[in-house]
Amino acid sequence: MQQWRQLSLTGKILIAMIIGVAVGIFLNQIGQHNNFVQSIILGGVLEIMGAIFVAGLKMLVVPLVFVSLVGGVTALGDVNKLGRIGGKALGLYLLTTAIAISLALFLAHFINAGQGFDATHAVTNTFQNKPAPSFVEVLIGIVPSNPISAMSEGSMLQIIIFALLFGVSISLAGEKGKHVLNFFNDLNEVIMKMVDIVMSLAPFGVFALITKTFATQGIDVILPLISYFITVVLALFLHSVGTYGVFLKLAKLNPLTFFQNMRPVFLFAFSTASSNATIPVSLKTLEEKMGVDNAIASFTVPLGATINMDGTAIMQGVATVFIANVYGVELGLSAFLTIILTATLASIGTAGVPGVGLVMLTMVLNQVGLPVEGIALIIGVDRLLDMMRTVVNVTGDAMVTCLIAKGENAFDQSVFDARNSH
Ligand code: ASP
């Protein structure tokens, strides 16, 4: 017990995760038809623990993003600077997503994922086809007609727009604005304390989420889809280490230190499978462990959680080639370019929540004329891949945030190098 208390939070979460995997696999083996395991353990205790933990994180996202972004924008104090940072973030987010999907297409094509796949052995589940928003709808929808409903629905881009305008107006309001700013800065501290409290529950929440996933998924669903699964995992790995590594090196930041500092974010993203729910942990880590100024992180992190999904783009690239191969459809160069463009644009309009990648995938498949029903083939392994691609999604956001902060002189190298653990 004493030793457990002395462990860092990251260490505790890691242990919880490992025990969760073991218990989950065990329950999967013994509990398939066991009513007690299914309804009391999985559907009862673990369901409650996991759901409360995720709800706790989500509860903080909207207030935290709004309050910290208002403070951040006001600290920037300059609309031109804001425009420049926004432009850089958008450019880098789109660029990294385009690289991610190109890499995925190349790998999937090279490995020939899906060739010889026997659809009769796959665990197919029905896929509810929800229409993805069109690009025009996304553009129009960026400005909230009602900020309160934007907040109650958690519409991140709308909240960002409202917070930016609010922050800029605080700067313009002079002396009176300063009172409001002080209040927001103090409020930010208070909400950060709430983040600490919810994070301290993470070992239990993570244990519940991971156990439940491994108890319900089982390894047997992966086997028929092994070529798809491995291609996605390989592309995720190469993109994180290769692409992000090169970008970090170019910005003269040590990739190894970056990845070490990111550990708590990895664990939260993996277990919740939601970039949105990970925002509080990302912000805390970027500010306290990476040395990024709040003025930058409070803007680029929520923006990235919404519009930047490199891991998701990778899944879409591999899935498209896989489905095309299974249905025996030849994809030419123009189809590849369409996939790159559609997947990159699709990521802008969809929020970082579990499973949303599949909704975006329908858009891509439609664009290149592949049957949307093909998604049913890969859905069996989607939860596991969702967890992994979410890790890459949030890593991309953090990498771009560090780059921008460095370029804007809003970066404390000594904090970045300290490698202090939570
Ligand atoms: N779960 C992912 C995220 O929140 C999105 C997805 O790929 O489904 O970033």
Side-chain angles (χ1 to χ4, degrees), residues 50 53-55 57-58 60-62 65 93-94 96-97 100-101 103-104 125 127-133 138 154-157 206 209-210 213 217 228-229 231-233 235-236 239-240 244 262 265-283 285 300-320 322 339 342-365 372 375 378-401:
F53 170 61
V54 175
L57 280 171
K58 286 199 202 148
L60 300 175
V61 173
V62 172
V65 167
Y93 283 152
L94 293 182
T96 47
T97 306
I101 183 143
L103 174 74
N125 287 311
F127 173 66
Q128 295 285 338
N129 186 4
K130 274 188 265 159
V138 171
S155 310
M156 203 51 76
L157 292 182
V206 167
L209 292 173
I210 296 287
T213 306
Q217 288 279 302
Y228 167 70
F229 194 86
T231 314
V232 176
V233 174
L236 290 175
H239 185 66
S240 313
Y244 297 160
M262 279 294 282
V265 184
F266 291 158
L267 299 177
F268 276 78
F270 184 77
S271 43
T272 61
S274 168
S275 307
N276 267 15
T278 312
I279 290 176
V281 186
S282 295
L283 277 178
T285 305
T300 55
V301 169
L303 186 69
T306 316
I307 71 169
N308 185 49
M309 298 188 193
D310 295 359
T312 304
I314 285 174
M315 176 279 286
Q316 291 173 1
V318 179
T320 312
F322 178 85
I339 297 168
T342 320
T344 309
L345 292 181
S347 66
I348 296 181
T350 32
V353 292
V356 77
L358 291 184
V359 178
M360 291 149 67
L361 182 59
T362 58
M363 238 166 131
V364 178
L365 293 177
V372 171
I375 294 181
I378 53 166
I379 210 165
V381 289
D382 198 65
R383 175 68 193 186
L384 271 183
L385 289 178
D386 196 1
M387 293 157 87
M388 295 188 214
R389 65 184 185 246
T390 306
V391 171
V392 177
N393 289 347
V394 296
T395 309
D397 304 340
M399 189 278 293
V400 167
T401 299

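Order of listing sets the numbers, starting from 1, for every ligand and every atom in it. Index from 1, following the sequence. As a basis for the values below, the full set of heavy atoms in this structure was taken, side chains included, without hydrogen atoms, waters or symmetry mates.
- Interatomic distance, Phe229 CZ to Leu385 CG, rounded to the nearest 0.5 Å: 5.0 Å.
- Across Ala343 and Gln316, no two heavy atoms sit closer than the pair CB-OE1, 3.2 Å.
- A distance-only check finds no donor-acceptor pair linking the side chain of Asn393 to the backbone of Ser275 [under 3.5 Å].
- To the nearest 0.5 Å, atoms CE (Met388) and CD1 (Ile314) are separated by 12.5 Å.
- Judged purely by atom type and a 3.5 angstrom limit, Asn276 has no side-chain atom pairing as donor or acceptor with the backbone of Lys58.
- Listed for the Asp310 side chain is no donor-acceptor partner under 3.5 Å among the backbone atoms of Ala100.
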Could you list each nitrogen or oxygen of ligand 1 that sits under 3.5 Å from a protein nitrogen or oxygen, with the atom names and the distance?
unit_1: ligand 1; atom_1: 1 (N); unit_2: Ala273; atom_2: O; d: 2.9
unit_1: ligand 1; atom_1: 1 (N); unit_2: Val353; atom_2: O; d: 3.2
unit_1: ligand 1; atom_1: 1 (N); unit_2: Asp386; atom_2: OD1; d: 2.7
unit_1: ligand 1; atom_1: 1 (N); unit_2: Thr390; atom_2: OG1; d: 3.1
unit_1: ligand 1; atom_1: 4 (O); unit_2: Ser275; atom_2: N; d: 2.8
unit_1: ligand 1; atom_1: 4 (O); unit_2: Ser275; atom_2: OG; d: 3.4
unit_1: ligand 1; atom_1: 4 (O); unit_2: Gly352; atom_2: O; d: 3.2
unit_1: ligand 1; atom_1: 4 (O); unit_2: Val353; atom_2: N; d: 3.2
unit_1: ligand 1; atom_1: 7 (O); unit_2: Thr312; atom_2: OG1; d: 2.6
unit_1: ligand 1; atom_1: 7 (O); unit_2: Arg389; atom_2: NE; d: 2.5
unit_1: ligand 1; atom_1: 7 (O); unit_2: Arg389; atom_2: NH2; d: 3.4
unit_1: ligand 1; atom_1: 8 (O); unit_2: Gly355; atom_2: N; d: 3.3
unit_1: ligand 1; atom_1: 8 (O); unit_2: Val356; atom_2: N; d: 3.0
unit_1: ligand 1; atom_1: 8 (O); unit_2: Gly357; atom_2: N; d: 2.7
unit_1: ligand 1; atom_1: 8 (O); unit_2: Asp386; atom_2: OD1; d: 3.4
unit_1: ligand 1; atom_1: 8 (O); unit_2: Arg389; atom_2: NH2; d: 3.1
unit_1: ligand 1; atom_1: 9 (O); unit_2: Ser275; atom_2: OG; d: 2.4
unit_1: ligand 1; atom_1: 9 (O); unit_2: Asn393; atom_2: ND2; d: 2.8

